[in-house]
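Right, one structure below, let's go through it.
All residue numbers in this chain count up from 1 along the given sequence.
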Amino acid sequence: MGRIFVVELEGRSYRCKYCGTHFALPVDLVSRSFHCRRGKAYLFNNVVNITTGASEERMMLSGMHTVADIFCCCCGQIIGWKYEAAHEKSQKYKVGKFVLERGRIVDEMDLSTGVFIDAHSGMSDGEDA
C-alpha cells in the first residue's frame, strides 16, 4: 500500500481540495505542464499522505506506462497517479514520480486564515490517463 505521513506545515504547500490534507511542497514540483482526461496536472518527485491503488498498464498520449492511482489518505478521494514503469526510453524520467490532478488539489493554503488559495498556472503536454 502507499505511504502515509500526517504532516501539517505552515506556508505554501499542495493540499487536498476536499479535506486540506498536505501532499507536497513546492520543492517537490517537477512540472506544471501535464494533462489528463480531467484537465491539467502537476508532476512531483515526492508526495505524502497518500495511499496507492493497484498497478495497471495504461496507454497515454506519451506511450504505454504502468501506473497506480493515488488517493488522499484522509478522505479517500482519487488525486492522481504514480508512474511505476515506462515502456519507452524517452519516458523513463517519469518512473517513481507522482501526478496530482490540478482540479483535485489547491496549491497554496494560508493557515492563518484557513482560506484556500487556488493559484494554478501551467500548460499541457498532452498526457492522458
Do Val99 and Lys82 have side chains that approach each other closer than 4.5 Å (heavy atoms only, starting at C-beta)? no
With side chain to side chain contact (heavy atoms under 4.5 Å, CB included) as the test, would you mind laying out the steps for Glu57 and Met64 before giving the verdict? CA-CA 7 Å; Glu57 299 291 316; Met64 184 64 75; 3.6 Å; yes
Going only through I, L, V, M, F, W and Y residues with side-chain contacts under 4.5 Å, is there a path from Val106 to Tyr18? no
Counting distance only, does the side-chain N/O of Lys92 pair as donor-acceptor with the main-chain N or O of Ala86 below 3.5 Å? yes
Closest heavy-atom pair and its distance - Thr52, Ala68: CG2-CB, 3.5 Å
Is any side-chain heavy atom of Arg102 less than 4.5 Å from a side-chain heavy atom of Tyr42? yes
Which pair of non-hydrogen atoms, one from Ser13 and one from Pro26, has the smallest distance, and what is that distance? CA-CD, 4.5 Å
Residue pair Ser62 / Lys94, side-chain donor-acceptor N/O under 3.5 Å: yes
Please determine whether a side-chain nitrogen of the Lys or Arg among Lys17 and Asp107 lies less than 4.0 Å from a carboxylate oxygen of the Asp or Glu. no
Of all heavy-atom pairs between Tyr93 and Leu43, which one has the smallest distance, and what is that distance? CE1-CD2, 4.2 Å
Do you know which two heavy atoms are closest between Cys19 and Thr21, and how far apart they sit? SG-OG1, 3.0 Å
Can you tell me how far SG of Cys16 sits from CD of Gln77, rounded to the nearest 0.5 angstrom? 6.5 Å
Nearest 0.5 Å please: distance from the CZ atom of Arg15 over to the SG atom of Cys72. 11.0 Å
Nearest 0.5 Å please: distance from the NE2 atom of His65 over to the CD atom of Glu84. 12.5 Å
Any side-chain heavy atom of Leu100 sitting closer than 4.5 Å to one from Phe44? yes
Name of the residue among Arg58, Gln91, Met60 meeting side chain to side chain contact (heavy atoms under 4.5 Å, CB included) with Tyr83: Met60
Say you draw a straight line from CZ of Phe71 to CD1 of Ile50; how long is it, rounded to the nearest 0.5 Å? 10.0 Å
Does any part of the side chain of Ile70, heavy atoms only, come nearer than 4.5 Å to the side chain of Phe98, both counted from C-beta? yes
May I ask you to say whether Lys97 pairs ionically with Asp28, meaning some side-chain N is under 4.0 Å from a carboxylate O? no
To the nearest 0.5 Å, atom CG of Leu29 lies from atom CG of Asn46 at 12.5 Å
As an exercise, state the distance from OH of Tyr14 to CD1 of Ile105, rounded to the nearest 0.5 Å. 7.0 Å
Run Glu56 and Thr66 through side chain to side chain contact (heavy atoms under 4.5 Å, CB included) and show every step you take. CA-CA 5 Å; Glu56 65 181 31; Thr66 305; over 6 Å; no
